[in-house]
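The next block holds one structure in the form of structure tokens; read it before the comments.
Worth knowing before you read on, the calculation uses all heavy atoms, side chains too, and leaves out hydrogens, waters and symmetry mates. Per chain, numbering begins at 1; letters A, B, ... match sequence-line order.
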Number of protein chains: 2
Amino acid sequence: MTDLAALPGISVLVVEDDPVAAAAHTLYVEREPGFRAVGTVHSCADALRFLERARAAGTPVDLTLLDLYLPDGHGLQLCRSLRAAGHTTDVIAVTSARDLAMVRQAVSAGVVQYLLKPFSAAALHDRLERYARYRDSLGRTGEATGQDEVDQAFALLRTPERSSLPKGLSAPTLDAVASVLREAATGLSAAAAGAAAGVSRITARRYLEHLVDTGRAVREPQYGSVGRPELCYRWRGDAPPAGRRGVGA
Amino acid sequence: MTDLAALPGISVLVVEDDPVAAAAHTLYVEREPGFRAVGTVHSCADALRFLERARAAGTPVDLTLLDLYLPDGHGLQLCRSLRAAGHTTDVIAVTSARDLAMVRQAVSAGVVQYLLKPFSAAALHDRLERYARYRDSLGRTGEATGQDEVDQAFALLRTPERSSLPKGLSAPTLDAVASVLREAATGLSAAAAGAAAGVSRITARRYLEHLVDTGRAVREPQYGSVGRPELCYRWRGDAPPAGRRGVGA
DNA sequence: CACGTTTGCGTTCATAGAGTTCACGGTCGT
DNA sequence: ACGACCGTGAACTCTATGAACGCAAACGTG
């Protein structure tokens, strides 16, 4: 029989308020071998309904990509509700909340991963691949031979990513620059960003360009004064780097 | 500043059916510096009652050592119930169930660790120490500068086997390097640490990296001068995460 | 409308420290 | 006493950074 449960792959539900982001996440999941995006919903209520229906149909959702800020409630509250309802879906929290207290609450609510928006496709790929391996390590045998095996599975779930940056760039500096840029709501020139982050204008520009390349920042010239226009870099809260170009002024 | 971090220790509730095991677990916890065993109960109902009362008293339980086989219900069911009730206790499952499906259910119910009985005192010690460091890493600052910080916290929670040092490292040298680093409030480069500890830069770096991996030290780049930035290692306990350097340019 | 002025971008290059590889010496087990 | 192994350090390669410099782009003036 060819019901959904028999289909190979890990079934994923995407819960995301913003339609653009939702589509992007779904696309990322679909592109991942061994994963199937079985649904995309935009609210807590819909998510719970979807999970209920899936379970009733005998095809429970394996993994949920859960945005924490939803129109009809908080994602962690949804998480608690579905635990209470006995759902066994694993949850990857996807949010722009950098509050560490939120991270702790997420852990205690039982999320297996916590991904900060905006994230690269590679970052999600890494999480999904790890999750797949976790599933694999637990799925093949019925009995654990020892603590080591259990530990191994847990480690798979939570070992950090191998973020491979382009040559010449380092993770701490990128964090510093990105953080400075995030703070400055009005936008920053390369020189100003450099001064704020404690690096030279050249280095700052390097990382700012990288942020633009990966879609995490935008760059627009600042006219008005004499001389070559100053480039103003601005943090971009969300919206993945899907082809968005050409608008001049 | 969260007052949770300011509390004298991490409060632990032991939920264990067997009185002998319960006493042993409680003893282990008490023996662990920085932890307080605040209660020992023997059933789901009592556990829930205890957590309710603790929360009402303004002293919520931080961590629960939870046996899964209890006289009046299953531990995971209790786990789900307390999630539904909004408790933020973290849970370490303690059970003799070697069933891998059970492990998966435990993960989806939101346990942070899964410890197979019987376990050694060292095994529990390792888990508790990691948990303490996890709390510390999340309690100190209000905002994460990047995904790395979140990942680090998750890794602390779930990476096993810190008991034995990695190959190529020796305890005396580690002690020497750690003590040198602890002395230097302002932070040390690998070369400086090596000189102070009487070992080569390479060896010093090896141990410093290990300290960073296990969360006992942080490293941050020093910008300002030409050439590759110098990495500055600091003992955990100070060092604001935002890279703020006055001496630039 | 053209040319000079002004300002900051973008690139090239030297540099200094990071990170890696490999060979040595000591120790432990057989 | 011999061999294997483990921790250490030296030499080397690579990488991330800032300084210098030329150039591009807009404004101001004739």
Looking at [N], I'd like to know if its phosphate oxygens (OP1 or OP2) sit under 4.0 Å from a side-chain N or O belonging to [X].
{"X": "A:S170", "N": "D:dA16", "result": "no"}
{"X": "B:Y207", "N": "D:dT8", "result": "yes"}
{"X": "B:S225", "N": "D:dG18", "result": "no"}
{"X": "A:T203", "N": "D:dG18", "result": "yes"}

Say whether [X] and [Y], considering side chains only, have a donor N or O and an acceptor N or O under 3.5 Å apart.
{"X": "B:E220", "Y": "B:Y233", "value": "no"}
{"X": "B:Y131", "Y": "B:R135", "value": "yes"}
{"X": "B:D90", "Y": "A:S108", "value": "no"}

Tell me the interatomic distance from [X], atom [atom1], to [N], atom [atom2], rounded to whole angstroms.
{"X": "B:L169", "N": "D:dG7", "atom1": "CG", "atom2": "P", "value": "7 Å"}
{"X": "B:R201", "N": "D:dA11", "atom1": "CZ", "atom2": "P", "value": "12 Å"}
{"X": "A:H210", "N": "D:dA16", "atom1": "NE2", "atom2": "P", "value": "12 Å"}
{"X": "A:K167", "N": "D:dT17", "atom1": "NZ", "atom2": "C1'", "value": "16 Å"}
{"X": "A:R205", "N": "D:dA20", "atom1": "CZ", "atom2": "C1'", "value": "15 Å"}
{"X": "B:Y223", "N": "D:dT17", "atom1": "OH", "atom2": "P", "value": "5 Å"}
{"X": "A:Q222", "N": "D:dC27", "atom1": "CD", "atom2": "P", "value": "12 Å"}

Inset, instruction - Assign each of A:E209 and A:R228 to its nearest nucleotide of DNA chain C by heavy atoms, then name whichever residue's nucleotide is nearer the 5' end. - result: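 On the 5' side of the pair lies A:R228.
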Inset, instruction - For B:P229 and for A:E230, locate the closest nucleotide of DNA chain C by heavy-atom distance; then report the residue assigned to the nucleotide nearer the 5' terminus. - result: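 This one resolves to A:E230.
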Inset, instruction - Kindly indicate whether the side chain of A:L63, heavy atoms from C-beta on, has any atom under 4.5 Å from the side chain of A:L13. - result: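 When only atoms from C-beta onward are counted, A:L13 and A:L63 do not touch, as no gap falls below 4.5 Å.
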Legend entry - Carboxylate-amine/guanidinium proximity below 4.0 Å for A:K117 and A:E16: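 Salt bridge present between A:K117 and A:E16.
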Inset, instruction - Using a strict 4.0 Å threshold on nitrogen-to-oxygen distance, state whether A:E30 and A:R36 make a salt bridge. - result: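 The answer is no: the pair does not qualify as a salt bridge.
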Inset, instruction - Give me the first and last nucleotide of DNA chain C, going 5' to 3', that has any atom under 4.0 Å from a heavy atom of chain A. - result: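 In short, chain A contacts DNA chain C from C:dT6 to C:dT11.
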Inset, instruction - Look at the side chain of A:R206 against the base of D:dG18 and say whether a donor-acceptor pair falls under 3.5 Å; ignore hydrogens and angles. - result: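 Yes, the side chain and the base share a sub-3.5 Å donor-acceptor pair.
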Legend entry - Single hit among A:T40, A:L66, A:L65, A:V94 for side-chain contact (heavy atoms from CB on, under 4.5 Å) with A:V15: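 Going through the options one by one, the only one that passes is A:L66.
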Inset, instruction - Would you mind classifying the nucleic acid contact of A:I202 as base, sugar-phosphate or nothing, using non-hydrogen atoms under 4.0 angstrom? - result: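 Answer is base: heavy atoms of A:I202 come under 4.0 Å of a base.
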